2 protein chains.
Amino acid sequence: MVNKKKSKRVSLKDIAEKVGVSTALVSYVLNGQEKEKRVGEKLVTEIRAALKEMNYVPNHIARSLRNGKTQTIGFIVTDIANPFFSTMARCVEDEASKYGYTVIIGSSDENCEKSKRLVNTLLNRQVDGFIIVPADGCYDYAVTLANDEVPMVMVDRYIPDLTSSYIVLENFKASFDAVQYLIKKGYKNIGMLAYKTSLIHMKERIRGYEEAVRLNGLEKNLYNIRYGFLKSDIHKALQSLDGSSKNKIDALFFATNTLSIAGLYQIRQMNLKVPQDIALIGFDGNEAFDFFYSPLTYVKQPVYEMGKEAVRILIEQIDGSKKISHISLPPQLVLRDSC
Amino acid sequence: MVNKKKSKRVSLKDIAEKVGVSTALVSYVLNGQEKEKRVGEKLVTEIRAALKEMNYVPNHIARSLRNGKTQTIGFIVTDIANPFFSTMARCVEDEASKYGYTVIIGSSDENCEKSKRLVNTLLNRQVDGFIIVPADGCYDYAVTLANDEVPMVMVDRYIPDLTSSYIVLENFKASFDAVQYLIKKGYKNIGMLAYKTSLIHMKERIRGYEEAVRLNGLEKNLYNIRYGFLKSDIHKALQSLDGSSKNKIDALFFATNTLSIAGLYQIRQMNLKVPQDIALIGFDGNEAFDFFYSPLTYVKQPVYEMGKEAVRILIEQIDGSKKISHISLPPQLVLRDSC
DNA sequence: TTTTTTTCGTGAAACGATTAAGCTTATATT
DNA sequence: AATATAAGCTTAATCGTTTCACGAAAAAAA
């Protein structure tokens, strides 16, 4: 463990002085412009040597100030502790680093104020672009970003009126297929547990459910849950599952990751047999699904591809492309024992 | 949706020109130094008005360049997709934002090269300090950071020779208590599934296990697993569970989150009855633990406090404190059905 | 030889903030 | 009245790069 003292970082100027040239030349060499800028061969090698010898590393901040680019992207999710988003974050991180970008993650908690604050913080920090999971009912900041032509791409959900890029699941198909599968399996009274929100992805998932039910002439049993009241709301929604209710459902489809988990807790507590008393289909995949006594059939999202594509599209925009991409990725129904 | 054009951001200079003063004055007012720097009352109000009216937001980059501080901290974990770390990341994020700091997260994959690259990237970006989960066997970069007096605090594990701050679980106690509990419950042949690593937290967990076993005159059944070969390694390790082996264990203690999950898969596949055939204790907590048919008893870490404290200590250091903190937080054994 | 072109460098102004030092006035002190 | 002090503001350097405009020397063309 050597006891080197903290030493000032070498700057371009230091290199320039050592070699005996102006900082301009060093900068040209550094950025591989020695050809265009016609730097003499001898100096090029000398400068290169000095750069290596003095162990030069560019000051990213100074460069950002000058160039107006930070090589940083902001990733705003609802909650990074949610496995769906942390998995995606991992992909985003990996992919971004391939392009030389760094990621700053922020959690909005599905809250408008927090979302705005996050966007502003990151704007002040001059991120070059955003990957955003827009929070429920919070359109203004996204609209502002779009108007200011800040590169951005929405993931998981999008804001319908906004002509910005997005990359989402084929949400309609995802739930349509899931419910269709339940129907094929013979379930007649299928319920869906969804969030009460204006968010398009949720609306689409609900529409998929409704369409499948309608096409088969079955009854609709949609339970809308508000954010923030998970346990009590879910309990209330599932009360109709009790034998006493006349509207007894025999299958339940969960619209998200968190709803699935919350639902499973509730169903276990109510001592319902899956799939005999009630069949289940979850959303997103989760280790907990595997260990539920009747491993959960679920709709799997291509998280990895989503993150990867989002980064690609965003950087395309940062690099000047005006192309707007609207991508929908196919879901996959993973069949197991719960129905 | 108004169609405002992208407008240049207002700078201090713009404000100064509008009011008809020098940028210095504006800067003083902006930073609340109007008293010390004796700015005239009239001008103060005028400047304040202009700042508000022109909707000024400071350019963070410029400020960073000048001050040498970015108000950013780097958080290097092994994998942000691991719930333990993503949960902690959430706490770190929340806590840091209270102090006006932003967090950049990076995943090292327990890999030295990646760790180094991450640290360097973040150093170039002038993060003010690091919260690090040091990867196995990668001491050099941490030592360099320490020598260069870069503020940092290690979490989850620490590097023993390094006199830097850390905040970890009382790892010895965690596993000692867990195993002690198993013994009290009457289990005689207790195994432990741990990682084969030089990392201190793992060693301590193993030591806790060994000590408890030794104190009670029981036999040791430690299974060391290498990183990266989870499935096959675990399978091999658990083969001795098969009735055929003479060394049949009746309880198993998992050293981490991921090991617990991997172990559960294996145990289910082997059709072992928990806790009749084998009793289990997991680590860290996870929804999957709840839904395992015999809900897992587990060692719970104070993740929230860890993240929070780490940020506090780090910022203390960033603000100039030379104090080194070594904090160990107590674990909690959450009792359930698996033993 | 003179003029034009090419080659290889330098100087200095940005980028947007902070801040030490200096310069006017006005007020207080003797 | 002469001098010291305080109040209020400006100037300009600085952080570390990038890059445009220009200059000098060498090579090519006349």
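Everything quoted here is computed from the prediction, not taken from an experiment. Here is how names work: the chains are called A, B, and so on, in the same order as the sequence lines, proteins then strands, and each is numbered from 1.
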(message) Return whichever of A:A62 or B:R38 has its heavy-atom-nearest nucleotide of DNA chain D closer to the 5' end.
(response) B:R38
Would you tabulate the pairs of protein nitrogen or oxygen atoms and nucleotide nitrogen or oxygen atoms of nucleotides 18-21 of chain C closer than 3.5 angstrom?
| unit_1 | atom_1 | unit_2 | atom_2 | d |
| --- | --- | --- | --- | --- |
| C:dT18 | OP1 | B:N31 | ND2 | 3.3 |
| C:dT18 | OP1 | B:R63 | NE | 2.8 |
| C:dT18 | OP1 | B:R63 | NH2 | 3.2 |
| C:dT18 | OP2 | B:S27 | OG | 2.7 |
| C:dT18 | OP2 | B:N31 | ND2 | 3.3 |
| C:dT18 | O2 | B:R66 | NH1 | 2.2 |
| C:dA20 | N6 | B:Y28 | OH | 3.4 |

(message) Within the 4.0 Å heavy-atom criterion, would you say B:I61 contacts the bases, only the backbone, or no part of the nucleic acid?
(response) nothing
(message) Side chains of B:R125 and B:T70: any donor to acceptor distance under 3.5 Å?
(response) no
(request) Supply the atom-to-atom distance B:L199 CG to B:R157 CZ, rounded to the nearest 0.5 angstrom. (result) 5.0 Å
(message) Whether the B:S198 and B:D136 side chains hold a donor-acceptor pair (N or O, under 3.5 Å, no angle test) is what I'd like checked.
(response) yes
(request) Please report, rounded to the nearest Å, how far the C1' atom of D:dC15 is from the CZ atom of A:R9. (result) 12 Å
(request) Find the distance B:L43:CG to D:dA7:P and express it as a whole number of Å. (result) 16 Å
(request) Answer yes or no: is there an ion pair linking A:E17 with A:K13, defined by an N-O contact shorter than 4.0 Å? (result) no
(request) May I ask you to say whether B:D94 pairs ionically with A:K114, meaning some side-chain N is under 4.0 Å from a carboxylate O? (result) no
(message) Over all strands shown, is B:S22 touching base, sugar-phosphate only, or nothing at heavy-atom distances under 4.0 angstrom?
(response) base
(request) Go through the side-chain N and O atoms of A:Q126 and A:S64 and say whether any donor and acceptor fall under 3.5 Å apart. (result) no
